[in-house]
Number of protein chains: 4
Amino acid sequence: MTTEHQSRAGRPRSERAEKAIIAATLDLIADGMGVAELSMEAIAARAGVGKTTIYRRWANKEDLVVDALATIRHPLPPLAGESVRDDLVALLDLARREAGQRRARCAMNVALSESDRSKRVSERFYKLALEPRRVAMREVLSRGVANGELRPDLDVDLAMALLTGAMIFFNKWGPEGDLPEDLAERVVDHAMAGFAPRA
Amino acid sequence: MTTEHQSRAGRPRSERAEKAIIAATLDLIADGMGVAELSMEAIAARAGVGKTTIYRRWANKEDLVVDALATIRHPLPPLAGESVRDDLVALLDLARREAGQRRARCAMNVALSESDRSKRVSERFYKLALEPRRVAMREVLSRGVANGELRPDLDVDLAMALLTGAMIFFNKWGPEGDLPEDLAERVVDHAMAGFAPRA
Amino acid sequence: MTTEHQSRAGRPRSERAEKAIIAATLDLIADGMGVAELSMEAIAARAGVGKTTIYRRWANKEDLVVDALATIRHPLPPLAGESVRDDLVALLDLARREAGQRRARCAMNVALSESDRSKRVSERFYKLALEPRRVAMREVLSRGVANGELRPDLDVDLAMALLTGAMIFFNKWGPEGDLPEDLAERVVDHAMAGFAPRA
Amino acid sequence: MTTEHQSRAGRPRSERAEKAIIAATLDLIADGMGVAELSMEAIAARAGVGKTTIYRRWANKEDLVVDALATIRHPLPPLAGESVRDDLVALLDLARREAGQRRARCAMNVALSESDRSKRVSERFYKLALEPRRVAMREVLSRGVANGELRPDLDVDLAMALLTGAMIFFNKWGPEGDLPEDLAERVVDHAMAGFAPRA
DNA sequence: GTATAACCGAGACGGTACGTCCCGTCTTACC
DNA sequence: GGTAAGACGGGACGTACCGTCTCGGTTATAC
């Protein structure tokens, strides 16, 4: 028998409250607020919750924001695994599509913005949102190197920086409005082919 | 009496104060604050200036930050113009070196972070800091396309995104401490050669 | 089966908890808190008891304080009954000695202080602590009037106010530290003799 | 010329705000609140003032309350100076009349209540409200001793305690409603004559 | 002997007020 | 008229308690 009753003494914390807080936080962030403009009192009010209930779970605003952002699911796209090119396109196209969504976009901004001041925020976000994709991308590239689709001396980290960085750049300073649908394809093709003239 | 000084009546604004304010702002940003955490009262105190003196010149914090960041010089490196590869390396290596400097790094962070919250900050930063380099880079690439160093169907914008994005990426999520000295070279070489196996 | 115990079903209330709560309350009051500063959570913690256990017995802080103060014993001194003067001295000297005790002193303060805010506190205190002494004092004075020790037209209530009031006054605004040992005697002598010059 | 300009740098504090704060405080106290129930936020709101403006002047609620109570004028009654008896009656009758007024009554309660916990409050109140009367009463009694109206060995402090204490007692535990109009006279007469039968 | 019921401690709940910090504005005296 | 100083009304911060509400568990009587 495994009665490993982990429950602590006293009334257990309300799952309902927790969800309401996270939801309120994401709503307010998506409503166009930056992390700094976002107020705990507004979150509490919107969630129908006392401030205490928030501070019992998170020590400060940033911690809450991190966890809230972390709850946004960033599922990996299905990778066919047939060609490196197609898999990379799938991965990058996910980023392109997310750029059009308020929540994901804000999450990215927040993660980028806090990096120097509060390491924890960006590190946490990195772990939860970026890491899985980077792992997937690394596998795709490594596989490519192994099976000869990519050149054997490829610097995988560098290749990832080129691909990911390009998407970040377009996200930030790309053309107004939605990014072109074939952007991911073109980025991958250019990166794989290089700039050199075809021999 | 006809003193022809066009200046308005009264005491002229103190240049000294203005400089002190800008300096204090940059110092505080470099001391690890985000734009939101940065406080006008702290700037005024650090600059030895009344808050009035700040608000007379800038309507709010953001405007001040924009101008402060703008004062950071972002000189272009000398470009030999002999080969596309060398010129690109020179441009990217500047970014690598700046990543080691507190001020420039923080400026970059601020610019990246504020993009949603206050378009003006990141746009202004783009104009002042990135635009000139992008123009230079575009020239280098276009010249390469023209003279056959690069393949004729190269998407120059996309190539710039790959190169710039990689540097931004390393800046943010690269290894701890200074970036390796040959980073720029390796980025350029990989980008130009592509990932495909050498035929 | 007809066990005639009237007690309701279920676990009986813990006498131990009740005593601990009262003790904790008095301790905290004696530690220099006013009724308002006194916190239920501190009482519960000090008593090693859940807040529920307190609120099950008392509806609010005031009720608890009232009951706690009521548990302080205020025994009457033995009255020889031989002379009005000696009996009055005995009664007043009790008050003088109590002024030196933390608990009794604080109880007095609380009773005095809460009179407007919460009538119940001061009324209850009056009933339990002052009333018995006033009854005794009234008897002493009445006996004196009856047996010619005191003048026949003496206003007994007023005489009691003079005597009691003087002790309260010294309690509150008297000299620092313990009151002089002969204070009760002197108060009684002055009150009985009056201020007028001896004929 | 006496340009002893005491003014400090910066904008001077608003007398208007100060008065509004004091008035709001007294209003709320008179509206039946104890010191503890009284809230700074309510005071600020009622006074149309930011909390900062209050805290700039007073460190905490108690300090404010003390000063607010102190502003209640407690003018001395005119003393004819013809007889000790009449002057004492005048002094005590003032206390009787004040007992009927909400504000003065609350002030007294507050002063009494805080004595143990926060010495400052009661000491300050004592200085401002009670001291002047005690000085006056002492003078009256001393004059009486000097000119033979009172007996030469009278303990003036003790006499004052009897008189003042009696009034405090009636204030607290006297009959419901207003005190009888001739109370002061009767207290003084009893105290001066003593309890002893007239020789 | 086993339900059942009221108790117990712990501690989370929605709130209110605290005293602090900073906002962007206003108001002085001085230069 | 510009300047440093600093007060202004306002709003959010994170903390402390309020009095209420669950929890899992204990301890009695009642069946």
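Residue numbers start from 1 in every chain, and the chains themselves are labelled A, B, ... in the order their sequence lines are given, proteins ahead of strands. When reading the values below, keep in mind they use all heavy atoms of this one structure, side chains included, and skip hydrogens, waters and symmetry mates.
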Q: Side chains of A:L26 and A:T71, heavy atoms from C-beta outward: is any pair under 4.5 Å?
A: yes
Q: For C:G10 and D:V49, take the nucleotide of DNA chain F holding the closest heavy atom to each; which residue's nucleotide lies nearer the 5' end?
A: D:V49
Q: How many whole angstroms separate atom CZ of A:R56 from atom C1' of E:dA10?
A: 12 Å
Q: 5'-most contact on DNA chain F: C:A59 or D:A47, nearest heavy atom basis?
A: D:A47
Q: Report yes or no: is there a donor-acceptor pair, N or O only, under 3.5 Å between the side chain of C:R11 and the base of E:dC8?
A: no
Q: Round to the nearest Å and state the distance from C:R16 atom CZ to E:dC7 atom C1'.
A: 14 Å
Q: Measure from CE on A:M40 to C1' on E:dC18 and round the result to the nearest Å.
A: 18 Å
Q: Using only heavy-atom distances, decide whether a donor-acceptor pair under 3.5 angstrom links the side-chain of A:S39 to the base of F:dG11.
A: no
Q: Nearest whole Å is fine: how far is F:dT26 C1' from C:R13 CZ?
A: 16 Å
Q: What's the NZ-C1' distance between D:K51 and F:dA7, to the nearest Å?
A: 18 Å
Q: Whole angstrom is fine here: how far is it from CD in A:E41 over to P in E:dG15?
A: 13 Å
Q: If we only count heavy atoms from C-beta on, is the D:V65 to D:W58 side-chain gap below 4.5 Å?
A: no
Q: Let me know the distance between CG of C:L64 and P of F:dC18, rounded to the nearest Å.
A: 11 Å
Q: Calculate the interatomic distance between D:N60 atom CG and E:dG19 atom C1'; express it in whole Å.
A: 9 Å
